[in-house]
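Read through the structure below, which is laid out as structure tokens, and then see the notes.
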Amino acid sequence: MSDIKSRKEVDLTSDMGGHKFSLPIISSPMDTVTGPTMAKTMTNHGGIGIFHRYNTIQEQVTMLKNVPKKTAGAAIGVTGDFLERAEALVEHGVFLLCIDVAHGHHVSVKGAIESIKSKFGNDIILMAGNVATSKAFTDLEDWGADVIRVGVGGGSICSTRIQTGHGVPTFHSVLSAALCAKRALIVADGGIKTAGDAVKSFAAGADFVMLGSLLAGTKESPGQVFQNNEGKQYKVYRGMASEEAQVDWKGKANSREGISTTIPYKGSVESVLSMLAQNIRSGLSYSGARNLKQFRNKVEMVEQTQAGMKESFTHILSK
């Protein structure tokens, strides 16, 4: 039962360390997703952009200088110059550091979290991940992470589950994390192909969703637009564990757990973000919820068969 008369009554605001974001969407720290233009646009729409770390410290700082202070985050690793990188980023006004590795439940991540927290305390928000199990989530939370990326192997250009046999469906991982979370925020990351997937992530317990493919291929994503012989326009979208990305970044590929591909050019990301916001608000209104907290308390979930899933799509053309 809903008494919501307009989607405008639905408030999607989510809090992160005292910062209020009117759109709980984060652009992924990938070199074909988040650059300065994407980060500024995400900020303008109430979301968060996170600059990728596949560059030099100076190159990442230069990207950060192109956006207003405290409006964007930046990724770091867990080895080498990660602490020096973190210091440079904080010095230039970043409000969020993201420890960005494929396997977040790792001793190196523990050491990096402890080093960052020892250095900066609560002056910055620390995001870490990715993880897929409740044990991993609890450990990262206990180690000091403020925000945790949840999801392994679900990305549209990720092949980790096929190449290594490891990974957990993101929805299940988010449910598991929500059941054990004490203070850390949950970011659902991977497998979100539609606004409906984002809505179900929020229902499962996510505070934010992280998007890659939905934002890639837009005017604001890094990279050039090119066209084929038929005049159709495209942009490159690639996983950071793809051979192409690794060779560009470090000169060699140690593993191949992602692919590089092209996707149709979508135009401005502003229209994508507006559509997502409208449809997410619609989703909450169907459950009679005016905000994300109400939604999590009201929502009921059921299992669905493949036949039910087929019925969910527009199916007139499949007759």
Side-chain angles (χ1 to χ4, degrees), residues 14-21 24-30 34 39 42-43 47-55 57 60-61 63-64 67 69-152 173-174 177-178 180-190 205-210 240:
S14 201
D15 180 274
M16 183 184 290
H19 299 261
K20 301 286 186 181
F21 298 96
I25 293 176
I26 304 172
S27 63
S28 182
M30 301 168 69
T34 307
M42 293 299 298
T43 296
I48 306 172
I50 300 183
F51 292 118
H52 67 87
R53 66 181 178 87
Y54 304 97
N55 47 26
I57 294 175
Q60 197 177 26
V61 166
M63 288 197 297
L64 188 61
V67 299
K69 286 191 175 182
K70 302 297 179 181
T71 63
I76 60 173
V78 295
T79 58
D81 64 3
F82 81 93
L83 193 56
E84 180 186 351
R85 183 181 291 263
E87 291 170 342
L89 293 167
V90 172
E91 180 183 345
H92 286 85
V94 75
F95 86 98
L96 166 70
L97 288 175
C98 173
I99 296 177
D100 176 36
V101 296
H103 183 23
H105 198 199
H106 194 279
V107 66
S108 295
V109 173
K110 181 177 186 291
I113 291 174
E114 291 172 347
S115 296
I116 296 297
K117 281 297 183 180
S118 175
K119 180 74 176 178
F120 303 109
N122 294 322
D123 292 340
I124 56 94
I125 298 168
L126 182 58
M127 179 185 293
N130 283 42
V131 300
T133 66
S134 57
K135 171 62 175 171
F137 186 93
T138 297
D139 279 351
L140 265 66
E141 189 175 49
D142 290 344
W143 296 342
D146 304 303
V147 186
I148 300 174
R149 290 166 69 184
V150 175
V152 171
S173 292
V174 172
C180 67
K182 299 184 288 289
R183 57 164 191 84
L185 300 182
I186 299 170
V187 177
D189 178 22
D207 299 284
F208 291 82
V209 294
M210 181 171 281
M240 299 316 300

When rounded to the nearest 0.5 angstrom, what is the spacing between CE in M210 and CD1 in I48?
8.5 Å
Tell me every residue that passes side chain to side chain contact (heavy atoms under 4.5 Å, CB included) with T43, counting only those two or more places apart in sequence or in another chain.
T71
I'd like to check the side chain to side chain contact (heavy atoms under 4.5 Å, CB included) partners of A74; sequence neighbours left out, ordered by chain and number.
F51, Q60, L89, V94
Answer whether the closest heavy-atom distance between the side chains of K182 and T138 falls below 4.5 Å.
yes
What closest approach, in Å, do G77 and F82 show between heavy atoms, and which atom pair accounts for it?
O-CB, 3.4 Å
Measure the spacing between OG of S27 and NE2 of H52 and express it to the nearest 0.5 Å.
11.0 Å
All side-chain hydrogen bond (donor to acceptor under 3.5 Å, both in side chains) counterparts of D189, not counting sequence neighbours:
N130, R149
Non-neighbouring partners of K117 that pass side-chain hydrogen bond (donor to acceptor under 3.5 Å, both in side chains), sequence neighbours left out:
D146
Distance in Å, I113 CD1 paired with D142 CG, rounded so as to fall on 0.5 Å steps
10.0 Å
Applying side chain to side chain contact (heavy atoms under 4.5 Å, CB included), name anything that partners A86, two or more places apart in sequence or on another chain.
I76, L97, I116, F120
Once ring pair (Phe, Tyr, Trp, His ring centres under 6.0 Å) is applied, do any residues pair with H19, and if so which ones, sequence neighbours excluded?
F95
In this structure, CD1 of I125 is separated from SG of C98 (nearest 0.5 Å) by 12.0 Å
With sequence neighbours left out, write down each residue that passes salt bridge (Lys or Arg N to Asp or Glu O under 4.0 Å) with K20, or none if nothing qualifies.
D15
Holding to side-chain hydrogen bond (donor to acceptor under 3.5 Å, both in side chains), I want the full list of residues that pass it with D139, two or more places apart in sequence or in another chain.
H105, K135
When every non-hydrogen atom of I50 is compared with those of A75, the smallest separation belongs to CG2-N, 3.9 Å
Measure the spacing between CD1 of I26 and CE of M42 and express it to the nearest 0.5 Å.
8.0 Å
Just jot down the side-chain hydrogen bond (donor to acceptor under 3.5 Å, both in side chains) partners of K70, sequence neighbours excluded, or say none.
none
Distance from D207 atom CG to F21 atom CZ, nearest 0.5 Å?
12.5 Å
List the residues meeting side chain to side chain contact (heavy atoms under 4.5 Å, CB included) with S173, not counting sequence neighbours, and say none if there are none.
A132, V150, V168
Which atom names give the shortest non-hydrogen contact between L140 and G104, and what distance separates them?
CD1-O, 3.4 Å
Test: salt bridge (charged side-chain N to carboxylate O under 4.0 Å, His left out). Region: residues 79-95. Which pairs qualify, not counting sequence neighbours?
E87-K119
